[in-house]
Amino acid sequence: MPRSPRVLYATLAIATIAAGLACRSPMLGLAPFYAKYAGSILWGGMVYWLVAMLTPKSHPAVAAGLAALVAIGSEFSQLIQIGWLDQFRATRIGVLLLGRYFAWTDIAAYLVGIAPAAALDRLVLRRT
């Protein structure tokens with residue numbers, strides 16, 4: 001592990017955000033289905049990197065569990081209809097961070113993104 005794991009995890013989170021924004025960009029020309037789910041998978045990976053950044057000494061399985069809770073909680077929060085929250089979700093940043101509509105398939109995509117991030121962390125980044 002590098003001297004500053006937090007910097008590494010933050011860098012990976014930023015790179016994952018960039019990849020997620022790129023795949024959802026109309027300039028890339030991905031079909032809507034692929035753009036949506038590639039973005040959701042990458043969003044799950046980004047959540048993992050952020051959790052790992054906040055808890056760098058936790059085991060990757062623990063970080064993955066926490067990331068899954070955050071991602072699932074975020075998806076279920078879409079069932080809450082509060083004026084100010086709905087207004088935030090209507091913005092570009094709001095929809096990217098919180099989404100707009102609840103979907104079980106989004107939860108599956110988040111978990112698909114968290115799993116390889118945790119595996120990469122466990123098998124490559126934290127290898128001693």
Engineer: Answer with yes or no whether the hydrophobic clustering places Val62 together with Val70; edges join I, L, V, M, F, W, Y residues whose side-chain heavy atoms lie under 4.5 Å apart.
Structural biologist: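 The answer is yes; both residues are in one hydrophobic cluster.
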Engineer: What's the separation between atom OH in Tyr101 and atom CG in Leu79, rounded to the nearest 0.5 Å?
Structural biologist: 13.0 Å
Engineer: Is there a path of hydrophobic side-chain contacts, each under 4.5 Å between heavy atoms, that joins Leu54 and Ile14?
Structural biologist: no
Engineer: Minimum heavy-atom separation for Met46 and Ala13, please, with both atom names.
Structural biologist: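 Nearest heavy atoms, Met46 then Ala13: CG-O, 4.0 Å.
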Engineer: For the residue pair Ala10 and Met53, what are the closest heavy atoms and their distance?
Structural biologist: CB-SD, 3.5 Å
Engineer: Determine the minimum heavy-atom distance between Thr16 and Gly45, stating which atoms define it.
Structural biologist: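 Of all heavy-atom pairs spanning Thr16 and Gly45, the closest is CG2-C, 4.3 Å.
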Engineer: Distance from Leu28 atom CG to Leu21 atom CG, nearest 0.5 Å?
Structural biologist: 11.5 Å
Engineer: Considering residues at least two apart in sequence or located in another chain, which fulfil the side chain to side chain donor-acceptor pair (under 3.5 Å) criterion with Thr91?
Structural biologist: none
Engineer: Do you reckon Leu30 sits in the same ILVMFWY cluster as Val112, going by side-chain contacts under 4.5 Å, direct or chained?
Structural biologist: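 Result: no, two separate clusters.
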Engineer: Quick one, Ser77 and Arg89 - any side-chain contact, counting heavy atoms below 4.5 Å?
Structural biologist: yes
Engineer: With rounding to the nearest 0.5 angstrom, report the CG to CD1 distance, Leu111 to Ile72.
Structural biologist: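 One finds 5.0 Å between CG of Leu111 and CD1 of Ile72.
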Engineer: Can you tell me how far CH2 of Trp43 sits from CG of Leu97, rounded to the nearest 0.5 angstrom?
Structural biologist: 8.0 Å
Engineer: Which pairs pass salt bridge (charged side-chain N to carboxylate O under 4.0 Å, His left out) with one or both residues in residues 31-53, sequence neighbours excluded?
Structural biologist: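 Only Lys36-Asp106 qualify under salt bridge (charged side-chain N to carboxylate O under 4.0 Å, His left out).
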Engineer: To the closest 0.5 Å, what do you measure between CD1 (Ile41) and OH (Tyr34)?
Structural biologist: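 Taking CD1 in Ile41 and OH in Tyr34, the distance rounds to 11.5 Å.
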Engineer: Do Tyr48 and Asp121 touch side chain to side chain, with heavy atoms closer than 4.5 Å?
Structural biologist: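 Heavy-atom side-chain distance check passes, below 4.5 Å.
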Engineer: Taking the side chain as everything from C-beta on, heavy atoms only, tell me whether Trp49 gets closer than 4.5 Å to Ile17.
Structural biologist: no
Engineer: Are the side chains of Leu125 and Leu12 in touch, meaning some heavy atoms are under 4.5 Å apart?
Structural biologist: yes
Engineer: Got a sec: does the CZ of Phe102 have more than 12 other heavy atoms crowding it under 6.0 Å?
Structural biologist: yes
Engineer: Heavy atoms only: give me the nearest Ala109-Tyr37 pair and the separation to one decimal.
Structural biologist: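 Shortest heavy-atom separation between Ala109 and Tyr37 comes out as CB-CD2, 4.0 Å.
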Engineer: Look only at the side chain of Gln78 and the backbone of Leu98, and say whether a donor-acceptor pair between them is shorter than 3.5 Å.
Structural biologist: yes
Engineer: Identify the two heavy atoms, one from Pro60 and one from Ala118, that lie closest to each other, and give their separation to 0.1 Å.
Structural biologist: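 Looks like CB-O, 3.9 Å.
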Engineer: Would you please indicate if the ring centroids of Phe76 and Trp104 are separated by under 6.0 Å?
Structural biologist: yes
Engineer: Could you state the interatomic distance from CD1 (Ile107) to OG (Ser74), rounded to the nearest 0.5 Å?
Structural biologist: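 Atom-to-atom, Ile107:CD1 and Ser74:OG are 9.5 Å apart.
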Engineer: Looking only at non-hydrogen atoms, find the nearest pair between Leu42 and Cys23 and report the distance.
Structural biologist: CD1-SG, 4.1 Å
